Each structure stands twice: as C-alpha cells, then as structure tokens.
Amino acid sequence: MDVSLDKLLARRISAPYLTLAVAVFLATAGNIKFWTTFAAAAGGLTPAHLPLLAGAMLIIVLFFNACLTLASFRFVAKPVFIVLLVTASTASYFIAAYGIVIDRAMVQNVFETDVREASELVSWHMLLTIGLLGLLPASWIARARIAYPQGRRGLMLRGAIAGGSLLLAFLLLVMLFKSLAPTVREHRELRFLLTPTNTIQAMNGYLRSKWSTPIVVAPLGRDAMKGKTWAGQARKTVTVIVVGETARAMNFSLNGYRRETNPLLAREPGLINFSNVSACGTATAVSVPCVFSALGREEYAESKASSQEGLLDVLQHAGLKVVWRDNNSGCKGVCARVAYQDLSQALAGDPFCEGEERHDERLLAGLPELIRNSDRDLVVVLHQKGSHGPAYARRYPQGFGRFAPVCTTNEFEKCSRAEIENAYDNTILYTDYFLSKTIGLLRQTAAQEGMDTAMLYFSDHGESLGENNLYLHGAPYMFAPAEQTRVPMMLWMSDGFSERFGIDRTCLMARRGQPLSHDNVFHSVLGMLDVNTAVLNPRLDLFHACRRGA
Ligand SMILES: [Zn+2]
C-alpha cells in the first residue's frame, strides 16, 4: 500500500480528528519539559506514579481538544493551529534550552529586545526544534484538505465534543484531585511551563499592562478623626490585628471541634469567639485585599481594591501609627502606604527558625520594643504563615505534634486523611499557642506600660482536608464548601481598652453566634477604635450596638 505523504495529504481529513491530533501533539511533544518537571514534582517517574501522570496528560489533551474544537471552523482552524504550533515549539525550545519560564516579564523581554540581541539566540538546535516541532506539522496543516462538519449538525457536533471533553477532564480532575492538588500547589512554576497556555496568558498579561492606565490610588476616609472617647486620654493604645492563614473555623475547639485544639485560648478570660464568620474569598490573594478594603465581598474586585485606599490608610488618616509584620508572602498591596517589616526570611541562630521554616512566634520578636518606642497610638498587623498547606507538618515546632501520626510529605496520596488532618490540627494547636502568647504580651503591656490593648484575630480563608475528595483551598466561591469559607474570628480587649471605648462585653458576647463576615472587619475596626469618618457604615460595625451610652 502506498502511504506516501502526498497521498495522505490528498485525502480529506475530518476536522475533529485533526483537532484531536493537534491537541495530542501540543500536549505531548510540545511540553516535554512540563512533563519531566511534573513527573519529578509528583514523586518521580515510577510505576506507582504512572496513573497520575497518564491521568494528568489526558486531562490536558481533553482541555486542549475542547479549546481547539471551538476554533475548528473553515478559515479559522488553519491559522490558529499553525500559530499555536509555531508558538508552542518556540516556547518549548527556550524553556528546555535556557530553563526559563514563560511569564509576562519574559514576553516583555521578547518584545523589547533588539535584533542584535535576538540574533545571538539563534542556533542550529533552535532551528531544528522549531522546524521539527513547529514548522513541519504547521506546513502539513497548511496543505491539508480538511472536511469541516457543516450546518447545524456541525455546530452541535462541535458543542458535543467540546462539552464532552471538558466533562471528562473534570471527572478525571475530581478523581485525581488528592494527588494533583498538592503537586500543582507546591510547584507553581508548572503553570508557566505548560505551552501554549503559558504564552497566551503571558501575552495577555503583557498587553493588558502595556495598555492599561497606571493605577491612581483614590483617597479614602481623609476625614477620619479620633472620636470623643479619645479626648483627655493620657494612656496610649495598642491594637494588634492577627491575620491568620488557612485556618478553618470548624477545627477550633472553641467552635465545637471534637478535639482540643484550643487548650490555651479556652482558658483566656474575656476572650470573645465569633463562631459564625465567613471569608471574602477562598484564597489569600482575594481575601486579604478584600478584608482590608471598604468594598465588601459583593463589590470586591482586585482592580477596585488596588485603586482605592483601605482600612490601614483610614487608620493612618486618623492619626494612628500602622505597622505590618509579615511571616507570609507579603500583604497583597494592602500595606503599600504603611510601615512594613518582612520577618519571613530565615535567620541563622533564630530560635523560631527550623531550617528554612520560620514559625509564627517570630512575629512577636521585638514587638514589646516596637510598642514601647512608638510615639503614637499603634495598630500592628501580624500576618501569620498559620496552617498553610500542603506541608502542614512543617508549620509548627516539634513540641506541638500532639496529634499523630502525621502526614510529612506533600504527596497526599501517600497519606491517609487522618494523617493529613492530624498534621493540620497541630497547626491549629500552634496558632492557639501563638494567639495566647500574643494576648499574654498585650496583657503585660497594659499592666506594665499603662497602655490600653486589644487583639482581633481572623483567618483569611479555610481549607478542605479531603471532604468530598477536595483538598487545599481556592475553589470558586459559588461552589466552595464551608470548610473553605468559614473562618475563625476572636477578640480580646484589656479592661482599660473596653472601658475607655465604652464597649459592652456582655452585649458582644450575646452577639458572638450571629452571622458575620470579612465585610464587618473594615467597619468594626474603625468602630472599635472610635474613628469618626463618613466611610464607616454603622450597620456593619459590630461594636455600634454594643457601645455604652450609644
Ligand atoms: Zn491564605
């Protein structure tokens, strides 16, 4: 039988088959570096990991197939497929040859480099790779005679293929979630290695940043002033806001958890635990900017929040000094105009460091000095590393390993749900200790320095620990389970603090079970500190109804 290429090309090829072939080609040959990195991240290329690798590959083939099917129309399919093949082969050459990742900065480099610089990159190896993986298949496609399904039947066929591919990919994703989630979460570089989606994403980001107008931050609450309870007060105030990480409400024994994860906070007199609080988002990058903005969850958008001042700015306008101390990955823009201290870097000889891990107690190091040396009323934000996964077991000092055995690997498939939960519960136990130590420090400051002190704690979002086969967090809010959206929140005030601001503890205690959310934080912090400003919405201020003489 004559199977020469020209014969083959002379035949008409049906568009769905060609689309699938391009999807398979892009997912495999166009992504060798992605797959070697993925295999290493998933624990190596061993027979035990093969189902995961095969499953992941199938998910990507199906996803590509769905996307390409939407472009498989006459006059559209050929140019799109050709551009994708050439782009993908070029990207994968540079990824493999230079170990680079394709992100916005890299696209900017490409666009802003000059011809001489660019010509230095050209090599035989490059021409061979792009020729074999890009130009050769592209030229076949250019010459191919494609039979497109026609009319209404054609549209329905495309819809069915795209929908079916996505559905199948989703089912596989659900099945493999336990193993996939930690691998992808721990190896964010994978996102930048998958071609051609990395290139499309990076181009999109580059063009958007190039055409967008620079962000002008609109002022907020410039009218903010200390209210009348501040008049004639000689004592300074210190308010600590602890922003937790990945702590979910239901694993706090204060909220009725079956295990004793809050042995110290449970014995804290006067602590008010709010038991019904929902987060603004299911990821740090949403929740943290949202909770410090005046927008609230319904109104929140990243662009809106970054172009408007937030809670910390309003506090500063009222004359308070604000310091953000971070043991996480930064403040996501909310501390842009206040003092910032990065405490997340490992320090040799630091008692709170274990290797590369910095435990949250470091956030308290130097805090008494900071308080003593401040000439103004102080608001300190402590941003915890908290219960950040999947390496829960690294988040706490060894002495807090009360619940055992624990999962010590990022490969969740090697751990039982009980081992994952044990490690997670130990992080909550450590947070219990950390918060209790913070309160102890503030109580001592109140007594020794004659200051009025308070601590407000809330977590940014929760975490899934295998319920419905979900792990970690970041689910779309609409579908997110309560494990990811319910967060702990608690308040401690020195006697002087509640006295001075006329806050009725009994009233607050009575409200501790009512539904609250991150939306309340902005207004309640201003309300608690008796800051007068037009941007304060009394209906969202938790303290409004609980102020004596109000
Ligand atoms: Zn977070």
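All ligand and atom numbering here is 1-based and tracks the order in the structure. Note that this is a predicted model, so its numbers are computed, not measured.
Ring orientation note: the planes of F292 and F458 are tilted relative to one another, at an angle of 30° to 60°. Using the six-membered ring where Trp is involved, Y433 and Y430 have ring planes that are parallel, under 30° apart on the 30 and 60° scheme. The aromatic rings of Y471 and F177 lie parallel to each other, with less than 30° between the two planes, well short of the 60° mark.
For the Zn ion (ligand 1), the set of nearby N, O or S atoms under 2.8 Å includes none belonging to T246. At least one N, O or S atom of H461, from either the backbone or the side chain, sits less than 2.8 Å from the Zn ion (ligand 1).
Centred on the Zn ion (ligand 1), the OD2 atom of D460 and the OE2 atom of E245 lie at an angle of 110°, reported to 10°.
With respect to K332, the side chain to side chain contact (heavy atoms under 4.5 Å, CB included) criterion is satisfied by exactly one of V286, D460, V288: V288.
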